[in-house]
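Atoms considered below: every heavy atom in the structure, side chains included; atoms not considered: hydrogens, waters and symmetry mates.
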There are 2 protein chains.
Amino acid sequence: MERGIAEGGPAVSLLTGLDMSHIRLCPAIAFNKIVGGRYKLHILCVLNRGPLRFGEIGRSLVKGGLGTPITPRILSRELKDMTEWGLISRKDYATVPRKVEYALADRGKALLPILSEIVRWGATGMHEEMLGLR
Amino acid sequence: MERGIAEGGPAVSLLTGLDMSHIRLCPAIAFNKIVGGRYKLHILCVLNRGPLRFGEIGRSLVKGGLGTPITPRILSRELKDMTEWGLISRKDYATVPRKVEYALADRGKALLPILSEIVRWGATGMHEEMLGLR
DNA sequence: CTGCATCCTTTGGGATACTG
DNA sequence: CAGTATCCCAAAGGATGCAG
């Protein structure tokens with residue numbers, strides 16, 4: 001890990017200068033476990049612009065995505081996972097027709113600085129270059 | 001995506017204030033495609049401390065990892081992928097016994113700011129809390 | 001509209017053994 | 001030491017259809 005206690009070395013992150021001696025699991029691994037997969041990070045991204053309904057999220061993911069729309073089953077599972085993690089919140093307006101709105105929750109907001117850096121990295125176009133989109 | 005041209009809205013990222021009108025693919029998706037999976041981000045993490053040999057990387061991943069060591073086949077594949085992406089560089093000292101050293105390359109270094117934010121997020125312990133390690 | 005059930009394909013990752 | 005070859009398993013993701 002990034003200079004954690006498990007390594008026995010100085011417990012200060014080279015990257016941040018922060019003390020990591022109390023941390024056992026490399027944040028990079030945890031990050032992948034929590035927002036890994038094809039959609040979770042992108043979902044946080046679109047929800048950052050404001051709360052969205054189930055169907056709206058599905059449609060939002062297409063833009064800036066890779067063409068194929070997410071199926072309801074997958075979207076449903078992703079949203080449920082993320083709600084259980086506390087990354088997003090779910091509000092069910094008991095109306096007809098039904099309306100359920102998802103929004104960023106505290107743990108999701110805690111990831112925004114990371115997302116910012118990802119966007120900053122993406123703004124250089126390096127990701128499109130690497131993936132052969134230019 | 002995060003306010004890209006594909007959406008037809010203002011092409012400025014809410015997160016960074018940067019103009020994203022020239023970007024077609026959401027960086028969050030690209031990020032997952034490039035360093036997704038269980039090991040790549042962690043590998044960048046350990047290589048940030050300096051160049052390492054094949055076996056050293058394998059052993060480094062155990063610390064701060066989740067117990068099970070990476071198998072040679074997987075490590076080999078990850079390193080090959082990352083070398084082809086230009087994330088890391090590979091130097092083969094033609095010695096006996098053999099010695100091959102891997103180091104961060106430019107495209108890998110470009111990801112360090114993101115990694116920093118991940119570490120900063122991890123320093124709060126939130127990831128261990130979420131994964132039930134405390 | 002929101003979501004679950006079923007089934008299927010693809011991908012990622014692991015075990016083990018072996019080679020230059 | 002630095003990998004490859006083969007085989008296998010588990011998880012992620014997709015298609016389709018149905019229900020509250």
Side-chain angles (χ1 to χ4, degrees), chain A residues 26 28-43 46-47 51-62 65-85 87-103 131, chain B residues 26 28-43 46-47 51-62 65-85 87-103 131:
Chain A
C26 178
I29 297 187
F31 184 77
N32 266 319
K33 285 193 80 82
I34 292 170
V35 292
R38 209 134 145 185
Y39 298 107
K40 293 198 177 71
L41 217 46
H42 198 180
I43 290 173
V46 301
L47 285 184
L52 287 178
R53 302 174 59 172
F54 186 87
E56 291 174 324
I57 296 176
R59 286 185 294 275
S60 289
L61 292 182
V62 178
L66 292 150
T68 55
I70 188 174
T71 66
R73 191 184 82 88
I74 305 297
L75 180 56
S76 172
R77 209 200 37 190
E78 297 292 274
L79 292 174
K80 181 185 284 187
D81 287 353
M82 295 174 71
T83 303
E84 283 168 2
W85 287 117
L87 294 172
I88 60 177
S89 64
R90 194 191 108 112
K91 178 162 186 187
D92 190 339
Y93 300 83
T95 60
V96 178
R98 209 163 155 198
K99 170 178 174 179
V100 179
E101 222 172 44
Y102 294 89
L131 295 176
Chain B
C26 178
I29 297 188
F31 184 77
N32 266 320
K33 283 192 81 80
I34 291 170
V35 292
R38 208 135 147 184
Y39 297 107
K40 293 197 176 72
L41 218 45
H42 199 181
I43 291 173
V46 301
L47 285 184
L52 287 178
R53 302 174 60 172
F54 185 88
E56 291 174 324
I57 296 175
R59 286 186 294 275
S60 289
L61 292 183
V62 179
L66 292 150
T68 55
I70 188 172
T71 66
R73 189 182 83 89
I74 305 298
L75 180 55
S76 173
R77 206 201 38 192
E78 297 293 274
L79 292 175
K80 181 183 284 185
D81 286 353
M82 295 174 72
T83 303
E84 283 167 2
W85 286 119
L87 294 172
I88 61 178
S89 64
R90 193 191 108 112
K91 178 164 186 186
D92 190 338
Y93 300 83
T95 59
V96 179
R98 207 163 157 200
K99 172 177 174 179
V100 179
E101 222 172 45
Y102 294 89
L131 295 175

Residues in side-chain contact (heavy atoms from CB on, under 4.5 Å) contact with [X], at least two apart in sequence or another chain:
{"X": "B/Thr71", "answer": "B/Arg73, B/Ile74"}
{"X": "A/Thr95", "answer": "A/Tyr93, A/Lys99"}
{"X": "B/Pro51", "answer": "B/Glu101, B/Ala103"}

Would you say the side chain of [Y] lies within less than 4.5 Å of the side chain of [X], judging by non-hydrogen atoms?
{"X": "A/Ile34", "Y": "B/Leu131", "result": "yes"}
{"X": "A/Ile70", "Y": "A/Ile57", "result": "no"}
{"X": "B/Tyr39", "Y": "B/Leu75", "result": "no"}
{"X": "B/Thr83", "Y": "B/Tyr102", "result": "yes"}

Next on the checklist: If the condition is salt bridge (Lys or Arg N to Asp or Glu O under 4.0 Å), which residues does B/Arg90 pass it with, not counting sequence neighbours?
Outcome noted: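 Result, salt bridge (Lys or Arg N to Asp or Glu O under 4.0 Å) vs B/Arg90: B/Asp92.
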Checklist entry - Please give, in whole Å, the distance from C/dC1 P to A/Phe54 CZ? => result 11 Å
Next on the checklist: Base, sugar-phosphate or nothing for B/Tyr102? Non-hydrogen atoms, less than 4.0 Å.
Outcome noted: sugar-phosphate
Checklist entry - Hey, where on DNA chain D does chain A first and last touch, going 5' to 3'? Cut-off is any atom under 4.0 Å from a heavy atom. => result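 It runs D/dG13 to D/dA15.
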Next on the checklist: Strictly under 4.0 angstrom, non-hydrogen atoms only: write out the protein contact profile of nucleotides 8-20 of chain C, one letter per nucleotide from the 5' end, B, S or -.
Outcome noted: -----BBB-----
